[in-house]
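Down below is the structure, laid out as C-alpha coordinates.
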Amino acid sequence: MSYQPYPTSGQTPEPQQRPTAPSSVQTAVKLMYAGAALSLIGLIVSLATVGNLRSAIVTAGNKAHKHYTATQIHDLEVASIAFTVVGIAIAIGLWIWMARASAAGRNYARIVGTILFALNTLFVLTNVVRPHASLTLVFNLLVWLAGLGAVIMLWRRESSEYFSPRAR
(Lines give C-alpha, C1' and ligand atoms only; values in the text may rest on other atoms or scores of the structure.)
Protein backbone atom coordinates (compact mmCIF):
# COMPACT_ATOMS: atom_id res chain seq x y z
CA MET A 1 0.00 0.00 0.00
CA SER A 2 1.43 3.38 -0.93
CA TYR A 3 1.27 6.45 1.21
CA GLN A 4 -1.12 9.17 0.06
CA PRO A 5 -0.44 12.63 1.45
CA TYR A 6 -3.29 14.46 3.10
CA PRO A 7 -4.91 16.79 0.56
CA THR A 8 -4.07 20.44 1.09
CA SER A 9 -4.80 23.67 -0.68
CA GLY A 10 -1.60 23.14 -2.65
CA GLN A 11 0.35 25.80 -0.78
CA THR A 12 3.01 24.87 1.69
CA PRO A 13 3.19 27.05 4.78
CA GLU A 14 6.06 29.48 4.84
CA PRO A 15 8.71 28.49 7.35
CA GLN A 16 8.89 30.96 10.18
CA GLN A 17 12.02 33.06 9.71
CA ARG A 18 14.05 33.94 12.76
CA PRO A 19 14.51 37.68 12.98
CA THR A 20 18.00 38.98 12.46
CA ALA A 21 20.08 39.07 15.59
CA PRO A 22 20.17 42.41 17.40
CA SER A 23 23.45 44.26 17.51
CA SER A 24 24.10 43.11 21.09
CA VAL A 25 23.97 39.44 20.02
CA GLN A 26 26.11 40.16 16.96
CA THR A 27 28.65 41.86 19.21
CA ALA A 28 28.59 38.91 21.63
CA VAL A 29 29.21 36.49 18.74
CA LYS A 30 32.15 38.59 17.53
CA LEU A 31 33.56 38.65 21.07
CA MET A 32 33.24 34.85 21.25
CA TYR A 33 35.14 34.42 18.00
CA ALA A 34 37.72 36.88 19.35
CA GLY A 35 37.93 34.77 22.52
CA ALA A 36 38.63 31.69 20.38
CA ALA A 37 41.31 33.55 18.41
CA LEU A 38 42.90 34.96 21.58
CA SER A 39 42.89 31.46 23.07
CA LEU A 40 44.76 30.15 20.05
CA ILE A 41 47.27 33.00 20.22
CA GLY A 42 47.61 32.36 23.95
CA LEU A 43 48.39 28.72 23.25
CA ILE A 44 51.10 29.71 20.79
CA VAL A 45 52.55 32.17 23.30
CA SER A 46 52.43 29.52 26.04
CA LEU A 47 54.35 27.08 23.89
CA ALA A 48 56.84 29.77 22.86
CA THR A 49 57.53 30.71 26.48
CA VAL A 50 58.06 27.21 27.86
CA GLY A 51 61.43 28.30 29.20
CA ASN A 52 59.73 30.91 31.36
CA LEU A 53 57.41 28.21 32.69
CA ARG A 54 60.40 26.16 33.82
CA SER A 55 61.80 29.20 35.62
CA ALA A 56 58.44 29.86 37.29
CA ILE A 57 58.23 26.23 38.45
CA VAL A 58 61.76 26.31 39.83
CA THR A 59 61.08 29.60 41.64
CA ALA A 60 57.79 28.28 43.07
CA GLY A 61 59.50 25.02 43.94
CA ASN A 62 62.17 26.84 45.90
CA LYS A 63 59.49 28.63 47.91
CA ALA A 64 57.12 25.71 48.49
CA HIS A 65 59.22 22.57 48.19
CA LYS A 66 62.95 23.03 48.46
CA HIS A 67 63.63 19.45 47.45
CA TYR A 68 62.28 19.35 43.87
CA THR A 69 64.50 17.11 41.79
CA ALA A 70 65.25 17.82 38.14
CA THR A 71 62.93 14.94 37.21
CA GLN A 72 60.07 16.35 39.28
CA ILE A 73 60.49 19.76 37.71
CA HIS A 74 60.51 18.21 34.23
CA ASP A 75 57.41 16.11 35.00
CA LEU A 76 55.58 19.15 36.33
CA GLU A 77 56.56 21.13 33.25
CA VAL A 78 55.36 18.40 30.86
CA ALA A 79 52.09 17.97 32.77
CA SER A 80 51.50 21.71 32.73
CA ILE A 81 52.10 21.93 28.98
CA ALA A 82 49.84 18.95 28.27
CA PHE A 83 47.09 20.39 30.48
CA THR A 84 47.42 23.75 28.73
CA VAL A 85 47.24 22.32 25.21
CA VAL A 86 44.24 20.10 25.93
CA GLY A 87 42.47 22.78 27.95
CA ILE A 88 42.90 25.47 25.32
CA ALA A 89 41.83 23.13 22.50
CA ILE A 90 38.63 22.38 24.42
CA ALA A 91 38.15 26.09 25.18
CA ILE A 92 38.46 27.03 21.49
CA GLY A 93 35.84 24.43 20.60
CA LEU A 94 33.51 25.76 23.29
CA TRP A 95 33.99 29.36 22.11
CA ILE A 96 33.03 28.39 18.57
CA TRP A 97 30.09 26.27 19.71
CA MET A 98 28.70 29.09 21.89
CA ALA A 99 29.18 31.65 19.12
CA ARG A 100 27.23 29.55 16.62
CA ALA A 101 24.51 28.67 19.11
CA SER A 102 24.14 32.32 20.13
CA ALA A 103 23.97 33.46 16.52
CA ALA A 104 21.23 30.87 15.96
CA GLY A 105 19.25 32.26 18.92
CA ARG A 106 19.52 29.16 21.11
CA ASN A 107 18.59 30.20 24.64
CA TYR A 108 20.79 27.50 26.17
CA ALA A 109 23.79 29.33 24.70
CA ARG A 110 23.29 32.23 27.09
CA ILE A 111 23.02 29.92 30.08
CA VAL A 112 25.89 27.61 29.13
CA GLY A 113 28.02 30.58 28.07
CA THR A 114 27.48 32.23 31.45
CA ILE A 115 28.39 29.04 33.29
CA LEU A 116 31.52 28.62 31.15
CA PHE A 117 32.44 32.25 31.88
CA ALA A 118 32.12 31.57 35.61
CA LEU A 119 34.38 28.54 35.25
CA ASN A 120 36.86 30.61 33.24
CA THR A 121 36.84 33.20 36.02
CA LEU A 122 37.84 30.49 38.50
CA PHE A 123 40.52 29.27 36.08
CA VAL A 124 42.00 32.75 35.74
CA LEU A 125 42.03 33.20 39.52
CA THR A 126 43.81 29.87 40.03
CA ASN A 127 46.21 30.71 37.20
CA VAL A 128 47.28 33.83 39.10
CA VAL A 129 48.46 31.76 42.09
CA ARG A 130 50.16 28.90 40.26
CA PRO A 131 53.45 29.10 38.34
CA HIS A 132 52.97 30.74 34.95
CA ALA A 133 54.70 32.92 32.43
CA SER A 134 53.60 36.56 32.71
CA LEU A 135 52.70 36.83 29.02
CA THR A 136 50.44 33.80 29.35
CA LEU A 137 48.56 35.52 32.17
CA VAL A 138 48.05 38.58 29.97
CA PHE A 139 46.39 36.44 27.28
CA ASN A 140 44.27 34.66 29.88
CA LEU A 141 43.03 38.05 31.09
CA LEU A 142 42.28 39.17 27.51
CA VAL A 143 40.29 35.98 26.92
CA TRP A 144 38.45 36.59 30.19
CA LEU A 145 37.58 40.13 29.11
CA ALA A 146 36.19 38.81 25.81
CA GLY A 147 34.03 36.41 27.81
CA LEU A 148 32.86 39.17 30.14
CA GLY A 149 31.85 41.33 27.19
CA ALA A 150 30.05 38.44 25.50
CA VAL A 151 28.08 37.56 28.64
CA ILE A 152 27.07 41.18 29.18
CA MET A 153 25.91 41.47 25.57
CA LEU A 154 23.97 38.19 25.70
CA TRP A 155 21.96 39.27 28.74
CA ARG A 156 21.07 42.76 27.53
CA ARG A 157 17.37 43.53 27.21
CA GLU A 158 17.42 43.64 23.39
CA SER A 159 18.99 40.18 23.32
CA SER A 160 16.26 38.59 25.44
CA GLU A 161 13.58 38.77 22.74
CA TYR A 162 15.90 37.15 20.23
CA PHE A 163 16.50 34.24 22.57
CA SER A 164 12.87 33.80 23.67
CA PRO A 165 11.20 30.52 22.62
CA ARG A 166 9.15 30.72 19.45
CA ALA A 167 5.87 28.93 18.76
CA ARG A 168 6.63 26.38 16.13
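Keep in mind that the numbers below use all heavy atoms, side chains included, and drop hydrogens, waters and symmetry copies.
- For the atom pair CG (L40) and CD1 (I92), the distance works out to 4.5 Å, reported to the nearest 0.5 Å.
- To the nearest 0.5 angstrom, I41 atom CD1 is 12.0 Å from S46 atom OG.
- Looking at L43 and F139, their side chains never come closer than 4.5 Å, going by heavy atoms from C-beta outward.
- Between the side chain of T126 and the main chain of L122, a donor-acceptor pair closer than 3.5 Å is present.
- Note that the CH2 atom of W95 and the CD1 atom of I88 stand 12.5 Å from one another [nearest 0.5 Å].
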Taking only distance into account, with no hydrogens and no angle test, what donor-acceptor pairs under 3.5 Å do side-chain atoms of residues 26-38 form with protein atoms, sequence neighbours excluded?
residue: Q26; atom: NE2; partner: A21; partner atom: O; Å: 2.9
residue: T27; atom: OG1; partner: S23; partner atom: O; Å: 2.8

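- The side chain to side chain donor-acceptor pair (under 3.5 Å) with S159 is formed by just one residue from the set S102, S24, S164; it is S24.
- With no hydrogens or angles considered, a side-chain donor-acceptor pair links W155 and T114 at under 3.5 Å.
- Interatomic distance, OG of S39 versus CG of N120, reported as 7.5 Å (0.5 Å rounding).
- The hydrophobic cluster containing V151 does not contain L125, counting ILVMFWY residues as joined when their side-chain heavy atoms lie under 4.5 angstrom apart, directly or transitively.
- Separation of atoms CG (L145) and CG (N140) is listed at 11.0 Å; rounding is to 0.5 Å.
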Report task. Go through V45 and V138 one step at a time and tell me if the side-chain contact (heavy atoms from CB on, under 4.5 Å) criterion holds. Result -> CA-CA 10 Å; V45 168; V138 169; over 6 Å; no
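- V78 is not connected to V86 by any chain of hydrophobic side-chain contacts under 4.5 Å among Ile, Leu, Val, Met, Phe, Trp and Tyr, and they are in different clusters.
- Rounded to the nearest 0.5 Å, atoms CG (L154) and OH (Y162) are 11.0 Å apart.
- Counting heavy atoms from C-beta outward, S160 and R110 have side chains that approach closer than 4.5 Å.
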Report task. Given side-chain contact (heavy atoms from CB on, under 4.5 Å), test V25 with M153 step by step and report yes or no. Result -> CA-CA 6 Å; V25 173; M153 290 291 125; over 6 Å; no
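- A donor-acceptor pair under 3.5 Å is absent between the side-chain atoms of E161 and the main chain of E158, judged by distance alone.
- Checked against the 6.0 Å centroid criterion, the rings of F123 and W144 do not qualify as a close aromatic pair.
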